[in-house]
Amino acid sequence: MPRRDDVMVEDHLRELAGLLRGPARMKADLLTEARHGLLDAVEAYRADGLPAVEAERRAVTEFGSAAQLVPAWQAELTTGALRTLSLRVLAVAAILVAGGDLTWRGSSWSAGPRPPEGYLHLSESVSVLWLAALVFAAGGLLLVTWAARSPGSGAATLVRLVGSGLAGSLILGVPAGAALFAWSIALWDGALTWPPMIIGATLAGAGYLWLGRALRGWVLAVR
């Protein structure tokens, strides 16, 4: 069976892929960049007259072992996952805040009886949780910028702490928001036929799914 010239390179990349955790696209980009660098090095050694096996061995050795590369690459994946999650939280929260009042304004029940105290408490809780998510998201973006300029264990620890706070606020806030919507439908029959409510629910559902993918990438990166 003919031997591919990049078998040793691919073995090294496969080992790295098995050790790295995080968003699939970011991880694939890192490995693709590494593959190009390794194959360029192999080609350069081959041009110098080295046999294929020795060229690959030298390229892989020069590139670095998994123990040398994985800590820095994993930190990069974790930081990238926080950046993605923070940006998505800011985008979704902006839409929810801007559209929240429009969803209720002019509805047949907006001037009706005062909702139950439990409903009002849940509504306040949702607002607080999303406010916390906004604060963590803004802090996450600032932290990502600082971590890129000052890499180190301190930055990595802060990235994990801020990201965990952001993830926690979402894990609580999204179900609370869904519960508030369900309670609204139970309280007001016209909610299901009120166009702004339908549009708002559709946008919120799409936003929650979008956030869910980013949240999954973060959890994978810090697992």
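Just the heavy atoms: all of them, side chains too, but no hydrogens, waters or symmetry mates, feed the values below.
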(request) Taking all non-hydrogen atoms of both residues into account, name the closest pair between L166 and A137 and its distance. (result) CD1-N, 4.1 Å
(message) Distance check, rounded to the nearest 0.5 Å: L85 atom CG versus W210 atom CH2?
(response) 10.5 Å
(message) Quick check: closest heavy atoms across Q74 and L19, and the distance to 0.1 Å?
(response) OE1-O, 4.1 Å
(message) Once rounded to the nearest 0.5 Å, what's the spacing between atom CZ of R216 and atom CG of L211?
(response) 15.0 Å
(message) Hydrophobic cluster membership, with links at side-chain heavy-atom distances under 4.5 Å among I/L/V/M/F/W/Y: are L50 and V9 in one?
(response) no
(message) Rounded at 0.5 Å granularity, tell me how far CZ in R83 sits from CH2 in W218.
(response) 12.0 Å
(message) Would you say that F136 contacts L170 through its side chain, given a criterion of any heavy-atom pair below 4.5 Å between the two side chains?
(response) no
(request) Give, for atom CD of E43 and atom CG of L38, the distance between the pair rounded to the nearest 0.5 Å. (result) 13.0 Å
(message) Any salt bridge linking R57 with E54? Criterion: basic side-chain nitrogen under 4.0 Å from a carboxylate oxygen.
(response) yes
(message) Could you check whether any side-chain N or O of H12 sits under 3.5 Å from a backbone N or O of G64, counting only pairs where one atom can act as donor and the other as acceptor?
(response) yes
(request) Mind listing the closest non-hydrogen atom pair of A176 and L129 along with its distance? (result) CB-CD1, 4.2 Å
(message) Any side-chain to backbone donor/acceptor pair from S127 onto S123? Under 3.5 Å, distance only.
(response) yes
(request) Can you see which heavy atom on A59 is nearest to which on V42, and at what distance? (result) CB-CG2, 3.6 Å
(request) Over all heavy atoms of both residues, which pair between L82 and G163 is shortest? Give the atoms and the distance, please. (result) CD1-CA, 3.7 Å
(request) Could you tell me whether the side chain of L143 reaches within less than 4.5 Å of the side chain of T79, counting heavy atoms only? (result) no
(request) Indicate, with yes or no, if V92 and L180 share a hydrophobic cluster defined by side-chain heavy-atom contacts under 4.5 Å among Ile, Leu, Val, Met, Phe, Trp and Tyr. (result) yes
(message) Starting from L134, can I reach L87 by hopping between I/L/V/M/F/W/Y residues whose side chains sit under 4.5 Å apart?
(response) yes
(request) Identify whether V126 and L187 are in the same connected component of the hydrophobic contact network (ILVMFWY, side-chain heavy atoms under 4.5 Å). (result) yes
(message) Tell me the closest heavy-atom pair linking S86 and G140, and the distance in Å.
(response) OG-CA, 3.9 Å
(message) Quick check: do K27 and L30 have side-chain heavy atoms less than 4.5 Å from each other?
(response) no
(message) Same cluster or not: L220 versus L215, using hydrophobic residues (I, L, V, M, F, W, Y) connected whenever any side-chain heavy atoms lie under 4.5 Å apart?
(response) no
(request) Answer yes or no: is there a side-chain heavy-atom contact under 4.5 Å between W146 and L158? (result) yes
(message) Counting C-beta onward and ignoring hydrogens, is there a side-chain heavy-atom pair between E62 and Y45 closer than 4.5 Å?
(response) yes
(message) If I take atom CG from residue D11 and atom CZ from residue R14, how far apart are they, to the nearest 0.5 angstrom?
(response) 5.0 Å
(request) Kindly compute the distance separating CZ (R46) from CG (D48), expressed to the nearest 0.5 Å. (result) 11.5 Å
(message) Can you classify the ring geometry of Y208 versus W130 as parallel (below 30°), tilted (30 to 60°) or perpendicular (above 60°)?
(response) parallel
(request) Would you check if R213 and R88 make a side-chain contact, meaning some heavy-atom pair closer than 4.5 Å? (result) yes
(request) Give the intermediate values and the outcome of side chain to side chain contact (heavy atoms under 4.5 Å, CB included) for residues L77 and R21. (result) CA-CA 7 Å; L77 283 172; R21 306 176 306 276; over 6 Å; no
(message) Side chains of R58 and T61, heavy atoms from C-beta outward: is any pair under 4.5 Å?
(response) no
(message) I want to check something: taking the side chain as every heavy atom from C-beta on, are M26 and T84 in contact at a cut-off of under 4.5 Å?
(response) yes
(message) Please enumerate all residues that pass ring-ring contact (aromatic ring centres under 6.0 Å, His included) together with W183, with sequence neighbours excluded.
(response) Y119
